[in-house]
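Inspection log for the structure reproduced underneath, given as structure tokens.
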Amino acid sequence: MSDSLWHDERAIEGLPIRLVIALVVGVACLSVMMSTISGIETLQVTEVDVEPHPEVANPGTQDVVVTVVDSKGSPVSGATVVAKSGTATLSSVTTGETGSSGNVTLSLSPSLGPNQQDGTVTFEVKPPAGSTYEDARSNTDLLVVESP
């Protein structure tokens, strides 16, 4: 049987023509699959994070500018930011929506407990509807420090 393949007139360098066709079709299919896979990254979701300014605050009422950014550091507009008590206490949950620059100004009034030197205010982000953004990981917190 191996002698018949070796002397096959339809073969290329000793390979049967059917095997050559299968290799050519396989390479073509692999090429199409690879180009499809390279376009899949546009279907992935992008994680967002917050950048509070200032990053460190004192207890009491103050305005905090919160910027929502994607994984590349670009601002995200239309996202809803929710500020909640962490280890520092807020009297209520505060929300706001980012503008075209990805910023929202929140009026926060954090307080610390007795003998508590520092605490945090946490932020959650609700990404814009219909976007490829998500907020699955924890975000940067606002550090609240008792001034000496």
Side-chain angles (χ1 to χ4, degrees), residues 5 10-148:
L5 292 177
R10 299 174 299 164
I12 298 174
E13 302 222 5
L15 293 176
I17 192 69
R18 289 183 181 151
L19 181 58
V20 172
I21 291 172
L23 287 173
V24 170
V25 170
V27 169
C29 290
L30 181 62
S31 172
V32 170
M33 288 183 349
M34 292 304 288
S35 67
T36 302
I37 290 173
S38 68
I40 287 180
E41 71 184 35
T42 59
L43 301 176
Q44 293 177 346
V45 292
T46 304
E47 180 69 25
V48 293
D49 193 12
V50 297
E51 295 176 349
H53 303 283
E55 293 178 354
V56 180
N58 294 320
T61 303
Q62 58 202 295
D63 287 340
V64 177
V65 177
V66 179
T67 305
V68 177
V69 294
D70 63 15
S71 58
K72 296 179 182 174
S74 302
V76 177
S77 63
T80 301
V81 178
V82 180
K84 296 181 177 181
S85 297
T87 55
T89 306
L90 291 176
S91 58
S92 65
V93 173
T94 306
T95 63
E97 186 173 318
T98 59
S100 59
S101 61
N103 295 331
V104 62
T105 302
L106 302 175
S107 180
L108 302 177
S109 190
S111 61
L112 298 172
N115 298 324
Q116 185 179 3
Q117 296 299 314
D118 58 45
T120 57
V121 173
T122 62
F123 297 101
E124 292 180 11
V125 178
K126 181 180 181 301
S131 69
T132 59
Y133 297 112
E134 74 173 356
D135 185 30
R137 297 186 211 146
S138 62
N139 297 312
T140 303
D141 294 337
L142 172 68
L143 179 62
V144 180
V145 178
E146 185 69 52
S147 54

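What's counted below: heavy atoms across the whole structure, side chains too, no hydrogens, waters or symmetry copies. This one's a predicted model, so the numbers in the text were calculated from it and none came from an experiment.
- Annotation: side-chain contact (heavy atoms from CB on, under 4.5 Å) contacts of Val27 (sequence neighbours excluded): none.
- Sequence neighbours left out, the pairs with a member in residues 107-118 that pass side-chain hydrogen bond (donor to acceptor under 3.5 Å, both in side chains) are Thr61-Ser109.
- Checking side-chain atoms of Glu146 against main-chain N and O of Leu112 turns up no donor-acceptor pair under 3.5 Å.
- Across all their heavy atoms, Val76 and Thr98 have their closest contact at O-OG1, 2.9 Å.
- The salt bridge (charged side-chain N to carboxylate O under 4.0 Å, His left out) check on Glu134 picks up nothing, with sequence neighbours excluded.
- Looking at residues two or more places apart in sequence or on another chain, you find no salt bridge (charged side-chain N to carboxylate O under 4.0 Å, His left out) involving Lys126.
- In this structure, Leu106 and Phe123 have side chains that are in contact, with non-hydrogen atoms separated by less than 4.5 Å.
- The two residues Pro52 and Val64 come nearest to each other via the heavy atoms CB-CG1, 4.2 Å.
- Heavy atoms only, all atoms of each residue included: Ser77 and Pro128 are closest at O-CG, 3.2 Å.
- Residues meeting the side-chain hydrogen bond (donor to acceptor under 3.5 Å, both in side chains) test with Thr95, sequence neighbours left out: none.
- Identified under the salt bridge (charged side-chain N to carboxylate O under 4.0 Å, His left out) test for residues 51-79, with sequence neighbours left out: none.
- Looking at residues two or more places apart in sequence or on another chain, you find a side-chain contact (heavy atoms from CB on, under 4.5 Å) between Asn58 and Ser147.
- Annotation: salt bridge (charged side-chain N to carboxylate O under 4.0 Å, His left out) contacts involving residues 80-94, sequence neighbours excluded, comprise Lys84-Glu124.
- Closest of all the heavy-atom pairs between Pro127 and Asp135 is CG-N, 4.1 Å.
- In plain terms, the two heavy atoms of Ser101 and Thr67 that are nearest each other are O-CG2, 4.5 Å.
- Contact between Pro110 and Val121 at its shortest, heavy atoms only, is CB-CG2, 4.0 Å.
- Within the structure, no pair that satisfies the salt bridge (charged side-chain N to carboxylate O under 4.0 Å, His left out) test touches residues 88-97, not counting sequence neighbours.
- Listed by chain and residue number, Thr120, Thr122 satisfy the side-chain contact (heavy atoms from CB on, under 4.5 Å) test with Asp141 (two or more places apart in sequence, or in another chain).
- Sequence neighbours left out, not one pair with a member in residues 98-107 passes salt bridge (charged side-chain N to carboxylate O under 4.0 Å, His left out).
- Thr140 is linked by a side-chain hydrogen bond (donor to acceptor under 3.5 Å, both in side chains) to Asp49, counting only residues two or more places apart in sequence or in another chain.
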